[in-house]
Amino acid sequence: MANHTLIYLAVLLLAYYYFFRRSRKRLYELAAKLPGPFDLPIIGSIHIGFGRGPEEICDYLMQYIHKIPSLMRGWIGPYLFLAVSDPEHVAMILNSQDCVKKSYVYKCLRFDKNLLNAPPDLWRKLRKQLTPAFSMGASRTFVPVFNEKADTLVESLSGSVGQESFDVLPAVAGFTLSTTTINTLGLDIDNETGDYKERYHENAEKMFTIRWSRIYKPWLHPDWVFKFTSAYREEQQRLIMFQEMSSKMCTIRKETRLQNPNNASERDDDNVRRPQRFIDQLEKMNLEQMDMVDNLDSIIFAGNDTTATMISSAILLMAMHQEVQNRAYQEVIDTTPHEYIDYGDLSKLEYLEMVMKESMRLLPVAPAIARVCEKDIQLGEFTVPANTQLIIPIMKVHRDRQIWGERSDEFDPEHFSPENCAKRHPYAYLAYSGGIRNCIGMKYASIAMKILLAKLLKSYKFSTDLKLSELKPYASIVMKLTNGYMVSIERRTHSNLEMYHIIVQIVLFCVAFYITHCWRNRYILRQLWHLPGPPNLPLLGSSYIFLGKSYSQIFHAFHQITTKYGRNGSPVRFFLGPMPFVIINNPDHAQAILTSAACLDKPWIYRYTPLDGIFSLPVQKWRFHRKAIQPSFNWAILKGFIPIFKAKADVLVQKLRQQASKSEVFDIYGYVAACTLDMVYATTLGIEMNIQQQTTCEYLDVLEELFELVTNRVTNVFLHPEWIYRLTRYHRRESHVRRIFRTPAQEVLRQKPILLNASGPDTNSMKPQIFIEQLYRIARKDPRFDKNAIEKELNTMIFGGNETTAVTMANTLLLIAMHPAVQRKLVAEIDEVFGDCLEDITIEQLQQLTYMEAVLKEAMRLWPITTILGRKTSSEVHLNELIIPAGVNLVVDVFSIHRNSQFWGANADHFDPDRFLDGNHHPYAFLGFSAGPRNCIGTRYAWISMKIMLASVLHGLELATPLRLEDIDLKLAMTLKVVNKHMVTVSERHGKL
């Protein structure tokens, strides 16, 4: 019975095949007129791929590449494919409105509704909408990102210098993925935690390998068959992880639209409208979520994988051909003398462009293009029937000896000289496809390639053991090499003559700059020149004092300037590079400056800090922000914070009690910093983060390093020019730690999205609101206060509320531990005010802690967290007989004022809180919270939180330390830090539980 069934099925299948062939008689008759491989029933010509993987198939085709006729037929199952390689015919196909539709094999790639594979009507709509994202204006905005990420890649490759050969493709792919996500999607993947890059590349490679292998297995073309295979199940798992990035991007953008209805994101920091990114244009089409993800996936893939492969191919081929590499290097050196490669420099790199094109000719990333002719078309004497699948074998076109000559298989950039290009058909080169449906991102890819290759050539010389004849391409969605892109690198060294020319140019530029600067500022220099100060050198100024010194030595060197030249409170002249500063060390002068309306601006050095909110804003913006934020620090709100301060302080005490049981010396600063950060989150930001319960906090770990980097740049004038600083390891490290520094603010915005509703009344406008709510309220009313401004203020507030309070508290606890008598007197006051129970603290009780306030002030006097206060004059300022012109940078030396024996007595260097009990001191001799209109906005907040922490700790614990005051060394890392660390021991206070 079974045999009969098989016979019936076989007969039925043969009958179906006979009638199927007969119904398409004309098609088969036309196809028979063309040369092509032998075809079998049902499967067609696909038998040539049986038993062969992607590498073997490509190797097989490469053997016959010069024997393939310009028009050849083949069958994949029942579908007729015509391979067309004559450039004239290629041009007809790619420019025909009847050949815009992609071949059905693209369905195996499963990009159904994006630019890569969309049906003609949808493709036209997408293309029209998305083209502005790759316009000339948009292209210019890509350049800074390409420069920055290229510098990062150049630095990362330094570890491979002198090592064995390595595959350069993964490193280049990291560059292209980062630049693609920023330039087209607005997401810097390097800022994201986790291994996004590694996961993306792994999943993309495996997913597209599965999809490509499906193309030459026609029995897997029907979806219902493919879904029964293990390959389908793996593909789906990979797809979920592959779409992780694009799905996240959609979520972020959805939140942004809610947060910023005024579309402020379309403007940069200078309020200049920027060109729309790919995702901006895509959002205007109101696509469904999955269609949006599909389009994002395609642009990430196309912008990343194809560009990375093209760049890697160019590097490998130049490594094989040293004469080409040397010529390209010389062109880069001659035409782009500066490290930053501007958009205007790109057109000068003519030979490098020839190298790129020749690389893409020999090793094109797309092995073929496939179309469907929806109507009959005429190719020479042959009529192509409607619905025929057309394949343009790019590898065949690019190596056709009739077009490229007998050396078509060799690497020769002269193939793309202007003379040779003029002789050749324009459709003989198809690296970016051609015609109506060409690559939308060709300009983007070209800019990325030129900038990265130029920077790599400037820094490294590439070599390889591979030969061109040994390369083994393998067929996939993107054609790559089985051999890999194996190169070795060595650093380039400039010849003596080149170095001489560079040095001469730099010297001439510096001289011209210095003369021009002095002439323009001659009035300022004339007014300040009679002031005492250290010797001044051209360009360097007095900053040579800081060069090569540690952060501790920098602090002592600066303090020594005031001590040596500022006798009797005289202002001191100091040049940081060519820029003049006046150092103020007299309380009377400090009062005149800090209260003057002409001294509200901050100096230019503040732009180097990551605190670009209210701390360093220009005066006009500062007034607006200060007025907007001030209500968040009124007494009504601060009183409500007291229970939160107490709860967080109780956690701190619990942690310290665990240390008490160990009887070991430890650094108390980490515990205090975690507590103050918890307080900031829970009070001003309204979020419980429980930092004290975590074993580590990356934000706290990088703060000191970040501000050491800032100090290093401020004091080293060679690092002031941005283009120089970007070349250094300091910039790369600072970029990394800055990303971590911004993480808390970004996390706040994620947890508390800015639900801006432009319409409707603001019902809570008169109700006191915490800091974050106040920011959101202002943002709803004023479009100037966008998400970017909110994030900057959050960064400033998180740092200001945490770091400054934590350092002051840790300093105070260390000083108390050094002085047992002060500690006993302080404990007595705490017991007197609170008794045995430190619960239900009131603001009135805190105000009774007068000795505690004196202790905190004395700690801030002795070790001020902010050692200098910077200002800039907007008009003339008179300090007695001295006239300070407009535009002069001023530095109030807080440390020197706090240690001035004229105001604090002979024991000014000692710790004595009693000096603050009578209040008999100059009001501007103590600047613990700055002073004047631009003083610390969070002064009240700091007093309440510090008093509660200090009372909580001393109520039950006793502090001691092996350190002595005279042992302490201080350093400048933007704020003043104790080099010795805050090393203490804690023990249970007798009689306290």
Side-chain angles (χ1 to χ4, degrees), residues 552 645-646 648-676 692 700 704 805-836 838 849-865 907 909-917 945-971 976-993:
S552 174
F645 288 145
K646 181 61 173 62
K648 300 304 180 185
D650 287 344
V651 177
L652 170 64
V653 173
Q654 291 173 12
K655 295 291 182 180
L656 295 179
R657 279 205 165 98
Q658 294 172 11
Q659 283 291 334
S661 62
K662 300 177 183 178
S663 301
E664 296 175 350
V665 178
F666 68 99
D667 186 356
I668 200 172
Y669 170 75
Y671 294 88
V672 175
C675 178
T676 55
Q692 295 183 90
L700 294 176
E704 185 164 340
T805 307
V807 173
T808 301
M809 267 302 300
N811 290 345
T812 304
L813 292 171
L814 179 60
L815 288 166
I816 290 171
M818 291 177 182
H819 299 82
V822 172
Q823 187 172 174
R824 288 192 295 272
K825 187 174 180 181
L826 191 53
V827 170
E829 182 183 67
I830 293 171
D831 289 343
E832 180 182 349
V833 173
F834 296 108
D836 293 333
L838 206 66
L849 298 172
T850 54
Y851 187 69
M852 180 183 288
E853 186 167 323
V855 170
L856 288 165
K857 284 183 175 180
E858 179 66 354
M860 288 188 281
R861 183 195 69 81
L862 204 60
W863 297 337
I865 181 71
N907 69 340
D909 291 333
H910 296 171
F911 181 71
D912 181 11
D914 290 343
R915 71 174 85 243
F916 280 97
L917 293 178
S945 61
M946 289 193 297
K947 284 185 175 182
I948 291 176
M949 272 195 289
L950 194 53
S952 299
V953 170
L954 295 181
H955 188 255
L957 297 172
E958 185 173 353
L959 304 175
T961 181
L963 296 174
R964 297 175 302 169
L965 185 58
E966 55 269 27
D967 299 330
I968 296 299
D969 189 17
L970 301 172
K971 71 176 181 179
L976 190 66
K977 298 290 180 65
V978 174
V979 176
N980 316 60
K981 305 296 183 183
H982 301 83
M983 308 305 295
V984 300
T985 61
V986 295
S987 57
E988 295 286 352
R989 188 170 297 282
H990 181 69
K992 299 287 184 181
L993 297 177

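Source: prediction; values computed, not measured.
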**OP:** List the steps, then state whether side chain to side chain contact (heavy atoms under 4.5 Å, CB included) holds for Leu826 with Leu849.
**Re:** CA-CA 9 Å; Leu826 191 53; Leu849 298 172; over 6 Å; no
Original post:
What do the steps show when you test Leu813 against Val672 for side chain to side chain contact (heavy atoms under 4.5 Å, CB included), and what is the final call?
Top reply: CA-CA 10 Å; Leu813 292 171; Val672 175; 4.0 Å; yes
Original post:
Step by step, would you call Glu664 with Thr985 a side chain to side chain contact (heavy atoms under 4.5 Å, CB included)?
Top reply: CA-CA 6 Å; Glu664 296 175 350; Thr985 61; over 6 Å; no
**OP:** Assess whether side chain to side chain contact (heavy atoms under 4.5 Å, CB included) is satisfied between Gln823 and Leu954, documenting all intermediate values.
**Re:** CA-CA 8 Å; Gln823 187 172 174; Leu954 295 181; 3.9 Å; yes
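From Arg861, atom CZ reaches atom CG of Leu856 across 14.0 Å, with rounding to the nearest 0.5 Å. In this structure, the separation between CE on Met946 and CD on Glu853 is 9.0 Å, given to the nearest 0.5 Å. One distance of note links NZ of Lys857 with CG of Leu917; it measures 10.0 Å at 0.5 Å rounding.
Side-chain atoms of His819 come within 3.5 Å of backbone atoms of Leu815 as a donor-acceptor pair (strictly under, hydrogens ignored). Side-chain atoms of Arg915 come within 3.5 Å of backbone N or O of Asn907 as a donor-acceptor pair. Using modelled atom types, one side-chain atom of Glu858 and one backbone atom of Asp912 make a donor-acceptor pair closer than 3.5 Å. Not a single donor-acceptor pair under 3.5 Å links the side chain of Asp831 to the backbone N or O of Asp836. Side-chain atoms of Thr808 do not come within 3.5 Å of backbone N or O of Thr805 as any donor-acceptor pair.
Shortest non-hydrogen contact noted between Ala859 and Phe911 is N-CE1, 3.9 Å.
Between Ser945 and Thr676 the shortest side-chain heavy-atom distance does not fall below 4.5 Å. Side-chain contact check for Lys648 versus Gln692: some heavy-atom pair is nearer than 4.5 Å. Looking at heavy atoms from C-beta onward, Pro864 lies in side-chain contact with Leu976 at the 4.5 angstrom threshold. Side chains of Leu970 and Val978 form a contact here, defined as non-hydrogen atoms less than 4.5 Å apart. Within the 4.5 Å cutoff, the side chain of Val807 has no heavy atoms near those of the Met860 side chain.
Contacts of Ala649 classified as side-chain contact (heavy atoms from CB on, under 4.5 Å), with partners at least two apart in sequence or in another chain: Met679, Ile948, Met949, Ser952. When the ring pair (Phe, Tyr, Trp, His ring centres under 6.0 Å) test is applied to Phe916, the partners found at least two apart in sequence or on another chain are Trp904, His921, Phe926. In terms of the side-chain hydrogen bond (donor to acceptor under 3.5 Å, both in side chains) criterion, residue partners of Asp650 (sequence neighbours excluded) are, by chain and number, Lys646. Residues meeting the salt bridge (Lys or Arg N to Asp or Glu O under 4.0 Å) test with Glu966, sequence neighbours left out: Arg964. Among residues two or more places apart in sequence or in another chain, the side-chain hydrogen bond (donor to acceptor under 3.5 Å, both in side chains) test is passed with Ser552 by Asp969. In this structure Ala660 satisfies the side-chain contact (heavy atoms from CB on, under 4.5 Å) test together with Val986, sequence neighbours excluded. By the salt bridge (Lys or Arg N to Asp or Glu O under 4.0 Å) test, Glu829 pairs with no residue at all, sequence neighbours left out. In this structure, the side-chain contact (heavy atoms from CB on, under 4.5 Å) partners of Thr961, at least two apart in sequence or on a different chain, are Leu814, Ala817, Met818, Leu963, Val984. Contacts of Glu704 classified as side-chain contact (heavy atoms from CB on, under 4.5 Å), with partners at least two apart in sequence or in another chain: Glu708, Lys971, Lys977, Lys981.
Note on ring orientation: taking the six-membered ring where Trp is involved, the planes of Tyr671 and Phe666 are perpendicular (angle over 60°, cut-offs 30° and 60°).
Sorted by first then second residue, the salt bridge (Lys or Arg N to Asp or Glu O under 4.0 Å) pairs that include residues 666-675, not counting sequence neighbours, number zero.
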